[in-house]
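To start, the structure itself, in structure tokens.
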Number of protein chains: 2
Amino acid sequence: MNTSFLQKSYEGNRSASLKKDIIRLLVIGGNYSITDISKEMNTSVPTITKLIVELISESYVLDFGKQGTNGGRRPNVYGLNPDAGYFAGVDISKDFISMGVINFKGEMNEFVGNREFVMENTIESLDSLCSIINSFLNKLSIPRDKILSLGVNLSGRVNSESGYSYSFYFLGEKPLSMLIEERVDCPVYIENDSRAMTYGEFMMGSDSHVKNMIFINASWGLGIGIIMDGRLYYGKSGFSGEYGHFPFFDNEIICRCGKRGCLETGVSGSAIHRMFTERLKEGRVSMLSGKFNNGLEITLEDIMDALQKEDVLAIEIIECVGNEMGKAISGLINLFNPELIVLGGTLAAAKEYIMLPIRSAINKYSLILVSKDTKLKLSRLGEKCGVTGACMLVRSKTLGLL
Amino acid sequence: MNTSFLQKSYEGNRSASLKKDIIRLLVIGGNYSITDISKEMNTSVPTITKLIVELISESYVLDFGKQGTNGGRRPNVYGLNPDAGYFAGVDISKDFISMGVINFKGEMNEFVGNREFVMENTIESLDSLCSIINSFLNKLSIPRDKILSLGVNLSGRVNSESGYSYSFYFLGEKPLSMLIEERVDCPVYIENDSRAMTYGEFMMGSDSHVKNMIFINASWGLGIGIIMDGRLYYGKSGFSGEYGHFPFFDNEIICRCGKRGCLETGVSGSAIHRMFTERLKEGRVSMLSGKFNNGLEITLEDIMDALQKEDVLAIEIIECVGNEMGKAISGLINLFNPELIVLGGTLAAAKEYIMLPIRSAINKYSLILVSKDTKLKLSRLGEKCGVTGACMLVRSKTLGLL
DNA sequence: ACTAATTAATAAAATATATTATTAACTATA
DNA sequence: TATAGTTAATAATATATTTTATTAATTAGT
């Protein structure tokens with residue numbers, strides 16, 4: 001009878017579906033009084049009262065006691081029980097992984113950023129990834145069985161529904177999510193990195209009322225995430241947002257996808273890296289010239305560091321890339337008429353060095369009437385964006401809130 | 001008590017909201033038995049029975065009697081009453097207007113295609129437009145008060161919520177929808193032409209299960225419409241879909257929007273028209289050379305006619321434009337991972353002449369994994385697309401089904 | 001400190017909806 | 001053409017939900 005709203009099929013079970021709606025409300029809006037929930041959900045106070053009592057007895061919800069008010073009897077406010085369960089997230093990028101855990105309320109309890117890890121398309125690499133995840137989870141003060149699920153971000157084509165990753169860790173028959181599940185012994189959802197970051201920024205961003213936003217993940221590659229009418233957009237197989245492979249340039253640079261002219265070949269961390277080393281080869285000077293001339297590998301992180309130290313070559317290249325990115329963003333504005341565009345990923349660390357040329361290109365290339373609707377911001381979450389998104393998204397998936 | 005589900009606010013009125021859901025179901029799926037509706041809506045048979053009886057007494061719904069079955073008692077099937085009301089639609093393009101009327105069931109009763117009309121940004125032009133609409137509506141066999149609303153398609157930036165059109169008929173203080181309403185004495189909704197066409201194709205297309213589709217309106221300009229998760233996408237102010245002004249080319253052609261490099265300058269009817277006349281000026285021959293050399297104006301329609309007659313220059317230019325369009329469509333595929341892309345508008349009449357280069361460019365420029373999800377089709381509705389969309393959309397808006 | 005006004009929470013009554021049982025209408029098959 | 005099996009529609013009953021009334025807790029003003 002008193003089945004958890006998480007379990008079973010609740011098709012046509014109004015009570016369970018209302019409970020889910022309450023959880024959704026608390027996830028998005030924090031704490032609420034019964035009267036507020038009742039108004040928000042167009043459902044009577046006695047019904048909400050009954051459901052809240054049940055949710056408390058199931059320990060998903062806590063009574064946080066009386067709240068201050070502007071006249072009248074003070075209501076009790078209710079919110080999610082932080083300890084009802086935890087959700088872990090892993091963000092895998094080109095050379096690093098980051099991991100974290102959020103509680104039921106969505107607060108991040110643990111975070112490990114940018115641990116070095118080189119991904120290879122082998123079972124061994126997957127084993128090693130999973131043992132890193134396992135040791136992270138075991139070191140937590142949270143009992144292992146309280147971690148309800150794990151979200152894993154990967155770049156490239158990821159079908160989070162089927163659990164298959166096609167660009168990385170495409171290791172044959174079984175879906176990747178199942179392979180990881182077998183190794184970490186906990187439900188696993190995989191997701192495209194840009195989409196997860198988008199969700200993180202959407203849920204944690206200051207503009208929580210925003211219903212139409214585009215997140216730009218400008219890292220080694222370039223991907224975007226799309227929130228439309230308040231929902232994360234996937235597309236037919238979850239491959240939406242591959243803006244990096246938009247045929248944007250008339251150049252002869254071969255993209256890692258095999259095609260040429262991709263936006264990514266001119267607008268991305270890899271593009272900056274290529275341009276920068278090309279210039280060094282041509283004899284341009286930079287504070288990285290020494291390292292380069294000693295035959296050492298220049299990384300994208302080196303370039304971003306140099307930028308912070310006002311390296312002229314880095315500034316110049318970022319400006320150039322920013323201009324093209326602004327042009328590309330103009331296209332998105334004309335296409336989506338979004339309320340908000342958030343720039344995130346590695347390149348977002350360039351802050352105003354990249355935002356300035358972007359803004360000026362938007363003025364140049366987008367329809368003014370359309371672009372004046374659109375706010376452009378830097379990611380609030382920074383390097384935690386990927387993990388936050390992974391955690392938030394896996395919570396929503398687990399609770400069935402999407 | 002027995003308030004029509006169309007009127008008043010039905011916030012928190014379950015009965016009215018269920019009625020709307022039934023209407024929505026019948027709009028999308030045609031006729032249903034009570035059992036089917038009950039299953040589809042997760043609501044009990046007695047409840048649905050009660051609501052259907054009410055809807056019949058309100059004359060929105062008709063009992064179409066017994067249906068054949070595969071064993072067991074035959075159910076009565078119910079569907080929309082065609083005569084419950086009518087919806088008119090007007091599609092205004094560069095040089096023509098088309099008008100039509102659908103009944104409550106969505107069947108087109110009347111259609112007048114491509115009546116010549118030159119739109120100007122003046123009150124006089126608007127007066128003349130409205131008198132054309134009025135005489136069309138008055139000539140119908142349908143009593144005027146049975147026409148519940150009128151949908152008007154315009155190209156350019158249209159905010160259908162506020163009723164303002166910013167690109168055409170931007171005539172000052174009052175919203176355009178109100179100006180037309182005053183002249184035709186019937187509720188008016190204005191809409192962007194590409195979006196309306198998209199909705200028409202979405203509702204009438206063969207692939208009715210498709211939840212993610214992109215419609216490409218390739219006419220004098222180039223616009224797209226977006227259906228995501230089964231819903232028509234508007235964006236913040238309803239300006240989404242302005243793909244024609246995506247900064248796509250590195251050319252020096254000034255677009256009608258004032259910017260340069262817009263996709264429209266290379267992929268659109270106007271681009272074909274420009275290229276064609278340029279070639280004629282350069283001395284290239286075509287079956288239109290005679291007309292051109294006599295100093296007569298060559299229209300886009302002339303070129304499309306010549307194409308049908310296998311004019312080599314027309315074929316050549318269409319092929320070239322098709323290739324660029326395919327490149328542009330590849331970008332959309334990578335971005336949206338849609339299930340279906342429909343090509344409509346004037347250029348769709350070029351059929352395989354344009355589809356072939358488009359398909360080949362998609363193979364060249366899109367990610368195979370993504371594009372193999374996507375079917376590409378020509379519009380089923382052809383020249384009726386705009387009016388059909390206007391009618392279907394204004395029905396949905398009036399019935400509150402969006 | 002008392003009173004009126006305001007809002008919250010609970011209880012009782014009324015209404016709405018769903019479940020189950022029953023009857024009806026039909027198909028397929030012996 | 002009878003009969004078992006199947007599905008639909010209706011009736012009766014049970015359950016769920018809302019509405020209204022009542023009580024509780026609080027603030028602001030006198």
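Letters go in sequence order (proteins before strands), and every chain restarts at 1. All heavy atoms count here, side chains included; hydrogens, waters and symmetry mates do not.
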Walk me through whether B:Arg74 and B:Ser33 qualify under side-chain hydrogen bond (donor to acceptor under 3.5 Å, both in side chains). CA-CA 9 Å; B:Arg74 294 188 315 195; B:Ser33 71; over 6 Å; no
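- You'll find the ring centres of A:Phe104 and A:Tyr60 inside the 6.0 Å limit.
- Straight-line distance from the CG atom of B:Leu18 to the C1' atom of C:dT17: 10 Å, rounded to whole Å.
- Nucleotide D:dA16 holds its P atom 12 Å from the CG atom of A:Leu51, rounded to whole Å.
- Rounded to whole Å, the distance from CD1 on B:Ile34 to P on C:dA18 is 14 Å.
- Remark: B:Thr49 is not in phosphate contact with D:dA9, judged by side-chain N or O atoms under 4.0 Å from OP1 or OP2.
- Counting to the nearest Å, the C1' atom of C:dT17 and the CG atom of B:Asn42 are 14 Å from each other.
- Evaluation of the salt bridge (Lys or Arg N to Asp or Glu O under 4.0 Å) rule for A:Asp83 yields A:Lys146 as partners, not counting sequence neighbours.
- For B:Thr388 (side chain) and B:Lys384 (main-chain N/O), a donor-acceptor pair under 3.5 Å exists by modelled atom type.
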Sub-3.5 Å pairs of nitrogen or oxygen atoms, protein against nucleotides 23-25 of chain C:
residue, atom, partner, partner atom, Å
C:dA24, N3, B:Arg73, NH1, 3.3
C:dA25, N3, B:Arg73, N, 3.3

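- Atoms CD1 (A:Ile37) and P (C:dA8) sit 12 Å apart, rounded to a whole Å.
- Of the candidate nucleotides D:dT10, D:dA8, C:dA11, D:dT10 has the atom nearest to the side chain of B:Val45.
- In this structure, the CD1 atom of B:Ile48 is 16 Å from the P atom of C:dA16, given to the nearest Å.
- Salt bridge annotation for A:Lys375-A:Glu339: absent, with no cationic side-chain nitrogen under 4.0 angstrom from a carboxylate oxygen.
- Of all nucleotides listed (C:dT17, D:dA8, C:dA9), D:dA8 comes nearest to the side chain of B:Thr35.
- The distance between the ring centers of A:Phe336 and B:Phe336 falls below 6.0 angstrom.
- To the nearest angstrom, P of C:dA8 lies 15 Å from CD1 of A:Ile52.
- Checking B:Pro46 against B:Ser33, the closest nucleotide of DNA chain D that is more toward the 5' end is the one next to B:Ser33.
- Backbone-only engagement by B:Thr43 is indicated by non-hydrogen atom pairs under 4.0 Å involving sugar-phosphate atoms exclusively.
- Ranked by how close their nearest DNA chain D nucleotide is to the 5' end, A:Lys50 and B:Asp36 are led by B:Asp36.
- Using a distance-only test at 3.5 Å, with no hydrogens or angles considered, no donor-acceptor pair links the side chain of A:Ser396 to the main chain of A:Leu393.
- When the P atom of D:dA9 is taken as reference, atom NZ of B:Lys39 falls 11 Å away, rounded to whole Å.
- Between B:Thr47 and C:dA18, a side-chain N or O to OP1/OP2 separation shorter than 4.0 Å is present.
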